[in-house]
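Sharing a structure, written as structure tokens. Questions coming.
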2 protein chains.
Amino acid sequence: MTATGTEIRVVLADDERMVRTALRVILEAEADLTVVGEAATGAEAVSVVRAVRPDVVLMDVRMPEIDGIRATEQILGSPGPGPRVVVVTTFENDSYVYEALRVGASGFLLKRAGAEDLVQAVRLVARSDSLLFPAALRGLAAEYARSRPPAPRWASRLTEREAAVLRLMATGLTNAEIAERLGVGPATVKSHVASVLAKTGVRDRTQAVIAAYESGFISPR
Amino acid sequence: MTATGTEIRVVLADDERMVRTALRVILEAEADLTVVGEAATGAEAVSVVRAVRPDVVLMDVRMPEIDGIRATEQILGSPGPGPRVVVVTTFENDSYVYEALRVGASGFLLKRAGAEDLVQAVRLVARSDSLLFPAALRGLAAEYARSRPPAPRWASRLTEREAAVLRLMATGLTNAEIAERLGVGPATVKSHVASVLAKTGVRDRTQAVIAAYESGFISPR
DNA sequence: TCGCCTCTCCCCCGTGCGGGGGAGACGGAT
DNA sequence: ATCCGTCTCCCCCGCACGGGGGAGAGGCGA
């Protein structure tokens, strides 16, 4: 389907032209690497990838319209063998790492990585079906993501105040203590608690806390 | 401290001589890679690494005496800049992946990986301080490991009955409901609950449930 | 302007919960 | 034979909790 023997076909997705140019220069300097497409938005990336069917996509996370994560999701979600997607970002400590893995990215590259790192990463990812951090880590990321689901359906229905009350409930505080922390009267907290119970569909604060844990609204530790 | 410019110094740790030889042949074929030591056990690996101070260690997981994970732990636990450790194993779906990351391994390599994958992985790991799957994923693995702690201190102090009551509490049941499920009287459940509260050092059932979640006594999902 | 939502707070009322006691039965350890 | 831990169940008591109402102030979009 895709070139494997010698030539590695790459698509660059980044909203900054300069970044794309820099990447292109670096990659084109290698005999076995060819940049076959560029995209400035997530939507563009999806269509370009569908059109040119590259081996590797270097995908920036922050892009207009559709971010890199969702673009990756769409690219890898389509049937058939997709490209390897390497997600590019500035910081390694943000949640993009987990998200990238969750949607099936093959690698993760920091913008501060050098040219050599870049080309080797591309080569590595293009070839490897069983290398550095593969399926097992995706499973890990999947589990991680599963433990923090997008947000429980009722979370969006909770108002700011109600959510705050629920979070404080989940620390084991009584209504009076919550009132103290929020600087409101106990009666106010009572009514918020009542709203939380109603919206979460449970009967008491204990069940509300359980629901908060089970839904990922809050997490252990 | 260690050679960075051109030569990458590698130590091989595997209990099978043939594997070590094969790895050595592959790596020595590259001008920039040098095998500076071998070890057949985890303990050997630790001492060899301390002696020769390599850039990269290829560490088999299954080894006599001390396995690769614990050896890695000891190697990276010592002060100063340690080598990059690439953990080598046969299957990618076992818990070694998480363990390897937890103890600070820089990479993970499958035995079925080809020669090219191997040398590129070594080069990549030797250079990269900010590449493919770094600190963020270690944090992920750490979090993963942390989420399944050995067992809370008070768990051993709870009797069978008390633990059962706590588990049922954590499903949101009232004392009366718990009594029904356990086939005992409500008063009995009350006293068990009282014991649980006393032993866990909390004041009400909500806090007990929180403690159960936080300590890993029970887990979301 | 008129609704609608959110946040705030009030009332009464019933009860599940937790504290503080005690007590009988069983079994295992000493 | 004695002690101790566990499981079982009882009493009384106070209170935080939750249900069911209502109500006023502010914001915000139709």
Exercise. Which one, C:dT8, D:dC10, D:dC7, comes nearest to the side chain of B:Thr159?
Worked result: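 Of all the options, the side chain of B:Thr159 is nearest to D:dC7.
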Exercise. Looking at B:Thr188, does any N or O in its side chain come under 4.0 Å of the phosphate oxygens OP1/OP2 on D:dC9?
Worked result: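 Checking D:dC9 against B:Thr188, a side-chain N or O does come within under 4.0 Å of OP1 or OP2.
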Exercise. Within a strict 4.5 Å, meaning less than it, do heavy atoms of the B:Met169 and B:Ile218 side chains meet?
Worked result: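 A side-chain contact is absent here, since even the closest heavy-atom pair is not under 4.5 Å.
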Exercise. OG1 of A:Thr21 to CD1 of A:Ile26: how many Å apart, nearest 0.5 Å?
Worked result: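 If I round to the nearest 0.5 Å, the distance is 11.0 Å.
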Using atom names, set out every protein N or O paired with an N or O of nucleotides 15-21 of chain C below 3.5 Å, distance rounded to 0.1 Å.
{"unit_1": "C:dC17", "atom_1": "OP2", "unit_2": "B:Asn175", "atom_2": "N", "d": "3.3"}
{"unit_1": "C:dG18", "atom_1": "OP1", "unit_2": "B:Arg205", "atom_2": "N", "d": "2.5"}
{"unit_1": "C:dG18", "atom_1": "OP2", "unit_2": "B:Arg205", "atom_2": "NH1", "d": "3.0"}
{"unit_1": "C:dG18", "atom_1": "N7", "unit_2": "B:Lys190", "atom_2": "NZ", "d": "3.2"}
{"unit_1": "C:dG18", "atom_1": "O6", "unit_2": "B:Lys190", "atom_2": "NZ", "d": "2.9"}
{"unit_1": "C:dG19", "atom_1": "O6", "unit_2": "B:Lys190", "atom_2": "NZ", "d": "3.0"}

Exercise. Rounded to the nearest 0.5 Å, how far does CG of A:Leu33 lie from CZ of A:Arg9?
Worked result: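 A:Arg9 CZ to A:Leu33 CG: 12.5 Å, rounded to 0.5 Å.
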Exercise. Nearest 0.5 Å, what's the CZ-CG distance between A:Arg123 and A:Asp55?
Worked result: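 Answer rounded to 0.5 Å: 13.5 Å.
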Exercise. If an axis is fit to five pairs at each end of the helix from C:dT1-D:dA30 to C:dA29-D:dT2, what is the angle between the two, to the nearest 10°?
Worked result: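 Computed angle between terminal axes is 50°.
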Exercise. Reading nucleotides 25-30 of chain D from the 5' end, what letters show protein touch, with B for base, S for backbone sugar-phosphate only, - for no heavy atom under 4.0 Å?
Worked result: ------
Exercise. Does A:Thr34 reach the main-chain N or O of A:Val36 with its side chain, forming a donor-acceptor pair under 3.5 Å?
Worked result: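 No, A:Thr34 side chain to A:Val36 backbone: no donor-acceptor pair under 3.5 Å.
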Exercise. Whole-Å distance between D:dT8 C1' and B:Leu182 CG?
Worked result: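 Roughly 12 Å, once rounded to whole Å.
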Exercise. Given atom CD of B:Glu162 and atom C1' of D:dG5, what is their separation to the nearest angstrom?
Worked result: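 Computing the B:Glu162:CD to D:dG5:C1' distance gives 10 Å.
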Exercise. Taking CD1 from A:Ile178 and C1' from C:dC7, how many angstroms apart are they, rounded to a whole number?
Worked result: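 In whole Å, C:dC7 C1' lies 16 Å from A:Ile178 CD1.
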For this session: Applying side chain to side chain contact (heavy atoms under 4.5 Å, CB included), name anything that partners A:Ala45, two or more places apart in sequence or on another chain.
Result: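 Scan of A:Ala45 (side chain to side chain contact (heavy atoms under 4.5 Å, CB included), adjacent residues dropped) gives A:Ala13, A:Ala39, A:Met59.
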Problem set entry | With sequence neighbours excluded, residues passing side chain to side chain donor-acceptor pair (under 3.5 Å) with B:Asn175 |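 Side chain to side chain donor-acceptor pair (under 3.5 Å) list for B:Asn175, sorted by chain: B:Arg205.
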For this session: Not counting sequence neighbours, which residues clear side chain to side chain contact (heavy atoms under 4.5 Å, CB included) with A:Thr174? List them please.
Result: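 Listed in chain order: A:Ala176, A:Glu177, B:Arg203.
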Exercise. Counting only side-chain N and O atoms of B:His192, is one of them less than 4.0 Å from OP1 or OP2 of D:dT8?
Worked result: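 Result: yes.
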Problem set entry | Donor-acceptor contact below 3.5 Å, side chain A:Glu44 vs main chain A:Ala40 |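 It does hold such a pair.
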Exercise. For A:Glu38, which residues count as a salt bridge (charged side-chain N to carboxylate O under 4.0 Å, His left out) partner, sequence neighbours excluded?
Worked result: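 Counting only residues at least two positions away or on another chain, A:Glu38 forms a salt bridge (charged side-chain N to carboxylate O under 4.0 Å, His left out) with A:Arg20, A:Arg24.
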Check: residues 179-193 of chain A side-chain donor-acceptor pairs under 3.5 Å, at least two apart:
{"unit_1": "A:Ser191", "atom_1": "OG", "unit_2": "A:Thr188", "atom_2": "O", "d": "2.9"}

For this session: Specify the separation, in whole Å, of atom CD of A:Glu160 and atom P of C:dT8.
Result: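 So the CD-P distance, A:Glu160 to C:dT8, works out to 12 Å.
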